[in-house]
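Since the structure comes first, as structure tokens, the remarks are kept for the end.
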Amino acid sequence: MPDLTTSIGNTTFQNPVFVASGTFGYGLENPDLVDVSKFGAIVTKSITRHPREGNPPPRIVETPSGMINSIGLANIGVEKYVREMVPNYEKIGVPIIMNIAGSVEEEYCEILDIVESVSSNIVGYEINISCPNVKEGGIEFGVDPLLTEALTSALRKRTEKLLILKLSPNVTDIRVIANAAVNGGADSVSAINTVYGMSIDSMARKSEIYTTYGGLSGPAIKPIGLACVHKVFNAVDCPIIGIGGITDSADAIEYLLAGASAIQVGTANYRNPAAGLSIVEGMESYCSKHKISHITDLIGKVKTHE
Ligand code: DHB
């Protein structure tokens, strides 16, 4: 049996297949649909300091080989999250990575302090500095290396758990932001969040998403994600979690070859919440067929022409 374990910082996961934030709720919604204990980890939906209704509809539209969403960080807020979700994480048998979003540094810090004040088996935090859809900001952090580094160091002082900064592709050079996150003390970066997009109904002559622009995800963005992961891998010394358009095990292997130590499945969960489980099986077969004894032997091993 090939060894699928992979490590991020001081944490080892049973396999490199995680489900992505915003595509698997708070991790507790699908117990009869999917055996979640077989995932490497679940990354939960972004939590903010206070509950949010999110943006008005339409907030999701299908596009060629993908979808655009502008949910606007609808969520229950950190207090209810700690009361009603966190205690259930003891039972589900899979590591939980909590995703946190905010608009100013103090907000991110307050959320982290509240979660850290209770005992939980959350193994780490993924920090959303790249939400494209809220007026109050969020993406400002993800496009500014100084803000990214300052936020990361403030959070680093507050937790010993995994600290993962989720990067936006909507920047001139993603390596600069990844480097800032690592300088601030991040254990890892995840790349990429959604790509700015717009969809127009020509008959109605109207933009389809209420907020006009939204975040594009799905197979349409896989080449963007692969390029970002490969660039960060070659420039910054930290484990990378690859995200963007992963639908099957071949996609997942491509991300490992580009430099990812783990991957997240996002949009594919909407069609099949068990997509991640097929990816785990497919990775196992790939390793057996190619006589790879440990999945991590593939990380960054793509051959380029230079
Ligand atoms: C939302 C947040 C994101 O980080 C993203 O990439 C897309 C959408 C949201 O809640 O609107």
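Note that ligands are numbered from 1 as they come in the structure, with each ligand's atoms numbered from 1 the same way.
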Worksheet item: Is any side-chain heavy atom of Leu163 less than 4.5 Å from a side-chain heavy atom of Thr152?
Response: yes
Discussion item. Test: side chain to side chain donor-acceptor pair (under 3.5 Å). Region: residues 167-194. Which pairs qualify, not counting sequence neighbours?
Written reply: Glu126-Ser190, Asn128-Asn193, Ser130-Asn193, Arg156-Asp187, Ser168-Asn170, Asp173-Arg175
Fill in: Residues Ile97, Phe13; criterion side chain to side chain contact (heavy atoms under 4.5 Å, CB included); working and verdict
CA-CA 12 Å; Ile97 298 172; Phe13 296 89; 4.2 Å; yes
Item to complete: Not counting sequence neighbours, list each pair that qualifies as a salt bridge (Lys or Arg N to Asp or Glu O under 4.0 Å) and has a residue in residues 71-82.
Response: Arg49-Glu79
What are the polar N/O contacts of ligand 1 with the protein below 3.5 Å, with distances?
from     : atom 1 : to     : atom 2 : distance (Å)
ligand 1 : 4 (O)  : Asn128 : ND2    : 3.1
ligand 1 : 4 (O)  : Asn193 : OD1    : 3.4
ligand 1 : 4 (O)  : Asn193 : ND2    : 3.0
ligand 1 : 6 (O)  : Asn193 : OD1    : 2.2
ligand 1 : 6 (O)  : Thr194 : OG1    : 2.6
ligand 1 : 10 (O) : Gly72  : N      : 3.4
ligand 1 : 10 (O) : Leu73  : N      : 2.7
ligand 1 : 11 (O) : Ile71  : N      : 2.9
ligand 1 : 11 (O) : Gly72  : N      : 2.6
ligand 1 : 11 (O) : Asn133 : ND2    : 2.8

Fill in: Where at least one partner belongs to residues 203-224, residue pairs that pass salt bridge (Lys or Arg N to Asp or Glu O under 4.0 Å), sequence neighbours excluded
Lys222-Asp251, Lys222-Glu254
Practice prompt. Kindly indicate, with the supporting measurements, whether the criterion side chain to side chain contact (heavy atoms under 4.5 Å, CB included) is fulfilled by Leu167 and Ile192.
Written response: CA-CA 6 Å; Leu167 306 185; Ile192 54 177; 6.0 Å; no
